[in-house]
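Since the structure comes first, as structure tokens, the remarks are kept for the end.
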Amino acid sequence: EVQLLESGGGLVQPGGSLRLSCAASGISFGAYAMGWVRQAPGKGLEWVAAISISGDSGYFADSVQGRFTISRDNSKNTLYLQINGLRAGDTAVYYCAKVGASRYCNGDSCYFHFDYWGQGTLVTVSS
Amino acid sequence: QSALTQPASVSGSPGQSITISCTGTSSDVGVYNSVSWYQQHPGKAPKLIIYDVSYRPSGVSNRFSGSKSGNTASLTISGLQAEDESDYYCSSYTSSNTLVFGGGTKLTVL
């Protein structure tokens with residue numbers, strides 16, 4: 001059974017930093033690209049970032065570019081999201097998700113869709 | 001990158017069919033066969049129900065189907081059931097190497 005377990009969320013002041021983690025089990029973690037998606041309270045889904053299978057390439061939404069860093073440790077089956085310069089608008093549940101195989105894209109940096117999701121970790125930015 | 005456009009809400013009676021549209025541009029939906037659909041019940045994580053425009057993951061009911069024409073993708077749910085009442089989101093890869101979601105559609109089963 002595939003399990004993605006996020007941790008690291010919490011209450012942080014504006015301008016602060018957090019490091020989110022996502023521990024994966026039940027999959028060959030090092031064989032898949034991974035990503036993060038967030039959902040502000042009462043709002044829709046927003047793609048945040050994705051990372052290639054090798055970890056060499058990270059991709060970011062314009063809204064977080066320059067403030068967020070995505071990384072992975074394939075030896076620990078763990079995905080990370082470093083969040084700096086937090087703003088009130090970053091308040092959301094952050095979901096870790098595994099990229100699914102696509103018929104139309106293959107390679108190290110494909111991320112067309114997410115087939116498994118964690119339960120999310122809540123990040124609240126407030127003074 | 002602007003969000004894909006979905007209707008805020010749709011409704012239908014049990015047994016009926018409904019269709020949810022997802023309109024993008026020639027930089028996302030129109031150019032990539034990457035449209036996916038997610039079902040999200042309140043307080044739960046999203047669940048993938050359609051990927052690559054029209055393919056269902058293993059275990060997803062064949063009452064769910066997807067299609068695309070030009071810059072607009074569609075999700076059809078046939079034989080509506082009470083358990084289908086949920087929020088639905090579309091997503092597409094974009095020419096900017098990003099992913100974009102739709103604003104979400106709340107499905108009410110009357």
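Lettering follows sequence order; numbering is per chain, from 1. What you see is a predicted model; the values in this text were computed from it and never measured.
When hydrophobic clusters are built by joining Ile, Leu, Val, Met, Phe, Trp and Tyr residues whose side-chain heavy atoms come closer than 4.5 Å, directly or via intermediates, A/Phe29 is not grouped with A/Tyr80. Hydrophobic clustering of Ile, Leu, Val, Met, Phe, Trp and Tyr side chains at less than 4.5 Å, counting indirect connections, unites B/Trp37 with B/Val109. Cluster annotation: A/Tyr59 is connected to A/Leu45 through the hydrophobic network of ILVMFWY side chains, with a link wherever side-chain heavy atoms come within less than 4.5 Å. Cluster annotation: B/Tyr55 and B/Ile50 are assigned to distinct hydrophobic clusters (Ile/Leu/Val/Met/Phe/Trp/Tyr, side-chain heavy-atom contacts under 4.5 Å, transitive). Follow the hydrophobic side-chain contacts under 4.5 Å out from A/Tyr94 and you reach A/Val64 in the same cluster.
Within the 4.5 angstrom heavy-atom criterion, atoms from both the backbone and the side chain of B/Pro46 approach chain A. Heavy atoms closer than 4.5 Å to chain B are found in the side chain of A/Val37, but not in its backbone. Using a 4.5 Å cut-off between heavy atoms, A/Tyr104 contacts chain B through both its backbone and its side chain. Proximity to chain A is limited to the side chain of B/Ser36, based on heavy atoms less than 4.5 angstrom apart.
Of all residues spanning residues 70-99 of chain B, those with a heavy atom less than 4.5 Å away from chain A's heavy atoms are B/Tyr89, B/Tyr93, B/Asn97, B/Thr98, B/Leu99, arranged by number. Taking 4.5 Å as the heavy-atom cut-off, the residues of residues 111-127 of chain A that approach chain B are A/Tyr111, A/Phe112, A/His113, A/Phe114, A/Asp115, A/Trp117, A/Gly118, A/Gln119, ordered by number. Residue-level contacts of residues 15-25 of chain A with chain B do not occur; threshold 4.5 Å between heavy atoms.
B/Asn33 CG to A/Ser102 OG: the interatomic distance, rounded to the nearest 0.5 Å, is 8.5 Å.
Most heavy-atom pairs under 4.5 Å with chain A: of the set B/Lys44, B/Gln40, B/Lys47, this distinction falls to B/Gln40.
Counting all heavy atoms, side chain and backbone alike, A/Arg103 lies closest to B/Asp52 at N-OD2, 2.7 Å.
The list of salt bridge (Lys or Arg N to Asp or Glu O under 4.0 Å) pairs with a residue in residues 27-47 of chain A, not counting sequence neighbours, reads A/Arg38-A/Glu46, A/Arg38-A/Asp90.
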